[in-house]
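These notes concern the structure reproduced below.
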Amino acid sequence: MITRMSSLFLRTLREDPADAEVPSHKLLVRAGYVRRVAPGGYSWLPLGLRVLRNVEQIVREEMDAIGAQEIQFPALLPKEPYEATNRWTEYGPNLFRLKDRKNADFLLAPTHEEMFTLMVKGEYSSYKDYPVTLYQIQNKFRDEARPRAGILRGREFLMKDSYSFDLTDEGLSESYRAHRDAYIKIFDRLGLDYVIVAATSGAMGGSASEEFLAVAETGEDTFVRSSESGFAANVEAVVTPAPPAQSVEDKPAAVVHDTPDTPTIASLVDVVNKLDLGRTFTAADTLKNVLVKTRLPGAKDWEFLGIGLPGDREVDEKRLEAALEPAEVVLLTETDFRNNPHLVKGYIGPKALLANGVKYLVDPRVVTGTAWVTGADQDGKHVVDLVCGRDFTPDGTIDVAEVRAGDPSPDGKGVLEAARGIEIGHIFQLGRKYADAFKLDALGADSKPVRITMGSYGVGVSRLVAVLAEQNFDERGLVWPRNVAPYDVHLVVAGKDETLLAGGEKLAAELHEQGLNVVLDDRKASPGVKFADAELVGVPTILVVGRGLANGVVEIKDRRTGDREEIPVETAVEHLVKVVRG
RNA sequence: CGGGGUGUAGCGCAGCUUGGUAGCGCACCCGCUUUGGGAGCGGGGGGCCGCAGGUUCAAAUCCUGUCACCCCGACCA
């Protein structure tokens, strides 16, 4: 098709909008792709909608390719199904709730697990019907506490969500694998720089779960990756490699020393080094014991837990919560210490914990044969050379110490470096949570019911547009990957001469005949304005019909590289078709 | 929810300290000139100065209240 700029519903802005911070937000607004209408709510203008539809189509094609079938639910849903799964309350304030004129409760769907489950339950009842995978591409609503970064994190957004229904765990694994492969194809087709990391499944419930993170400085998620291998992981999922165990026999005996006024690790290291023990100690030689208490859901009492880790590391709260999930966890209060005099704050050692029945877990680096400077369970005293496996035996390990850049990669190759990412896809094996809630069974070959097991898989379609912008821009504007660009060719008529416009029109018509989508800048604006707009809008190929036309040549510019070449008008169409079709 | 900031034309901003006819740039409209890198000159249209109350002869400006929005963090996926 041919779109004329003279009539295209588009107004570009010369200045960045004041409320925009990240590149995608600034550029999508400036280039006239989206306009804000509410916090976290954006309208799509013609150019933006074309890109959104292109992304959507790629997602759709890859879903169809694995046999998933598209359906569509309302966004406006009754409360009841969400009460059955408890999500009416569990989802909390993030759920948009509203009432109809009869005062009945409704919600704007944040995701559609309930509806898909009910849909399948309503239609299918035999094992012969399974497996089946359904999906939809539809707007979702979440009342985010703080929408931000334009369409990167809105309250209404376009999402592809699919759900697999299988009779067996093996079937679920296969469905999961199929989605994983499909997502790889989608994100590869989009030309994205992304990683796949193991994830915790969060509020959705379920087990196996991976996130696809697009690499971007402006991302909200921190992850780590190896400097040498392809390893990447959420910080919560990093497994610290344990060093080999050492012999305990050759270690010096544990000796208690007076270490007054050493409430911090730094002060302890200072004092110990002044004891003149013939060695120099660092924070990494100390064993810090952190006391927390945990409580399982539904349980009444808190249970104490001691965590021993090298003194140069802090406990990472997110890793702690992930490690203890589903139990909740908090630090001990002053009252707890007062009620438990055997816990000497600042001087807690493994011995008192173990002697008083407090569960004691240590960092994986604390292996048999390692010697530590740690609390002696008396005010003002620490013990040096307390050896793991000789002087104390922990109840197990817990991997909750902070992960730092420079730590060895869990796969043994290279060291970890920190990076930021934006979640663009999330796949996980839900299991039977929703099938249980709605009693979704298939009648088996033996006439006995089989509980269905589900997988759930999401792609943030509108977010992908922002992510693509985030990864494809320069100081002049957007630079779309070819297969999502709003047009194949941006034809600039550079000059007001009637013959130039006629030449441009003719070329546009010929390109159109070849099946290319062309945006033709037929406006009366000066060439400078048109060039600047073309670069801001970001169509990958710019065709300039200008002063060269008198000599029978036009200019083709590559938006990304800036390369330009003059070619004869007669071969321009053929040339462009090759460029566009690759 | 904690911290910081901002509300003045479609967009970006000044004016507020020290009260007195609401201004600049971009965009938009008209005319002439200009046309390969965001043109020039001239003319023009567009405002409940977030909202409410108060002080005052007079409020964008001072006072009180309120609402909204943005950014950082917490939370969330």
Which residue, P527(A) or N94(A), contacts RNA chain B at a nucleotide closer to its 5' end, judged by nearest heavy atom? P527(A)
N-O pairing of E535(A) and K557(A) below 4.0 Å: yes
May I ask you to check whether Y163(A) and Y135(A) place their ring centres under 6.0 Å from each other? no
Can you find a donor-acceptor pair, distance only, under 3.5 Å between D533(A) side chain and G38(B) base? yes
Separation of the P atoms in A60(B) and A52(B), to the nearest angstrom: 13 Å
Identify whether any heavy atom of V492(A) sits under 4.0 Å from a base atom; if not, whether one sits that close to sugar-phosphate; answer base, sugar-phosphate or nothing. nothing
To the nearest Å, give me how far apart CZ (R523(A)) and P (A39(B)) are. 11 Å
Is there a Watson-Crick or G-U wobble partner for G37(B) with both distances under 3.5 Å, and if so, which one is it? none
Close N/O contacts between protein and nucleotides 71-73 of chain B (under 3.5 Å):
| residue | atom | partner | partner atom | Å |
| --- | --- | --- | --- | --- |
| C72(B) | OP2 | R146(A) | NH1 | 3.2 |
| C72(B) | OP2 | R146(A) | NH2 | 2.9 |

Does U61(B) pair with anything, Watson-Crick or G-U wobble, both distances under 3.5 Å, and if so, with which nucleotide? none
Between P of G36(B) and CD of E566(A), the distance in whole Å: 14 Å
Ranking C70(B), A77(B), A27(B) by distance to the side chain of R36(A), first place goes to C70(B)
Base paired to C28(B) (Watson-Crick or G-U; both N/O distances under 3.5 angstrom): G44(B)
Would you say the base of G10(B) and the side-chain of R14(A) have a donor-acceptor pair closer than 3.5 Å? no
R142(A) NZ/CZ over F96(A) ring centroid, <6.0 Å and within 45° of normal: no
Kindly indicate whether the side chain of E535(A) and the base of G37(B) share any N or O donor-acceptor pair separated by less than 3.5 Å? yes
Considering only atom P, compute the distance from C67(B) to A74(B) and round it to an integer number of Å. 27 Å
Is S526(A) near enough to A39(B) that one of its side-chain N or O atoms lies under 4.0 angstrom from OP1 or OP2? yes
What contact category does A494(A) fall into here, base, sugar-phosphate, or nothing, at under 4.0 angstrom with non-hydrogen atoms? base
Could you check how far CG of L13(A) sits from P of C28(B), rounded to whole Å? 11 Å
Could you walk me through whether K140(A) and E156(A) pass the salt bridge (charged side-chain N to carboxylate O under 4.0 Å, His left out) test, one step at a time? CA-CA 6 Å; K140(A) 308 283 172 171; E156(A) 177 174 355; over 6 Å; no
Quantified in whole Å, what is the P atom distance between nucleotide G45(B) and nucleotide A59(B)? 26 Å
According to the Watson-Crick and G-U wobble definitions, with both distances under 3.5 Å, which nucleotide is paired to U21(B)? none
So what does G546(A) hit on the nucleic acid, given a heavy-atom distance under 4.0 Å: a base, only sugar-phosphate, or nothing? base
Let me see the working for H426(A) and S209(A) under side-chain hydrogen bond (donor to acceptor under 3.5 Å, both in side chains), right down to the final yes or no. CA-CA 7 Å; H426(A) 193 171; S209(A) 167; 2.8 Å; yes
Within the structure, does a side-chain N or O atom of R476(A) lie under 4.0 Å from either OP1 or OP2 of G38(B)? no
Say you pick atom P in C49(B) and the same atom in A9(B); how far apart are they, in whole Å? 10 Å
Could you tell me how far apart Y457(A) (OH) and A77(B) (C1') are, to the nearest whole angstrom? 18 Å
Between G54(B) and A58(B), how far apart are the two C1' atoms, rounded to whole Å? 15 Å
Between F73(A) and F116(A), is the ring centroid distance below 6.0 Å? yes
Run the side-chain hydrogen bond (donor to acceptor under 3.5 Å, both in side chains) check on T541(A) and R482(A) step by step: do they pass? CA-CA 9 Å; T541(A) 300; R482(A) 192 166 292 288; 2.9 Å; yes
Whole-Å gap separating P (A27(B)) and CD (E15(A)): 10 Å
Nearest-nucleotide comparison on RNA chain B, the residue closer to the 5′ end among L549(A) and E144(A): L549(A)
Inter-nucleotide C1' distance (G73(B), C26(B)), Å rounded: 35 Å
Distance in angstrom units between R30(A) CZ and G12(B) C1', rounded: 12 Å
Just checking W480(A) against Y33(A), ring centres under 6.0 Å apart? yes
The nucleotide from C28(B), C69(B), G36(B) with an atom nearest the side chain of F531(A) is G36(B)
So which nucleotide does A68(B) pair with, by the Watson-Crick or G-U wobble rule with both distances under 3.5 Å? U6(B)
Quickly work out the R547(A) CZ to U35(B) C1' distance and round it to whole Å. 12 Å
Hey, which of D181(A), V59(A), V55(A) is the one that makes side chain to side chain contact (heavy atoms under 4.5 Å, CB included) with I186(A)? V59(A)
As a test of reading the structure: which of G38(B), A27(B), C69(B) is closest to the side chain of P39(A), going by heavy atoms? C69(B)
Do D166(A) and S175(A) meet the criterion of a side-chain donor-acceptor pair at a distance under 3.5 Å? yes
Could you tell me whether the side chain of R564(A) has a donor or acceptor atom within less than 3.5 Å of a complementary atom in the base of G37(B)? yes
Under a 3.5 Å limit for both distances, which nucleotide forms a Watson-Crick or G-U wobble pair with G73(B), could you say? C1(B)
Sticking with atom P, work out how far G7(B) lies from G50(B), rounded to a whole angstrom. 8 Å
Between atom CE in M5(A) and atom C1' in G38(B), what is the gap in whole Å? 13 Å
Using the P atom on both, measure U61(B) against G20(B) and round to a whole Å. 10 Å
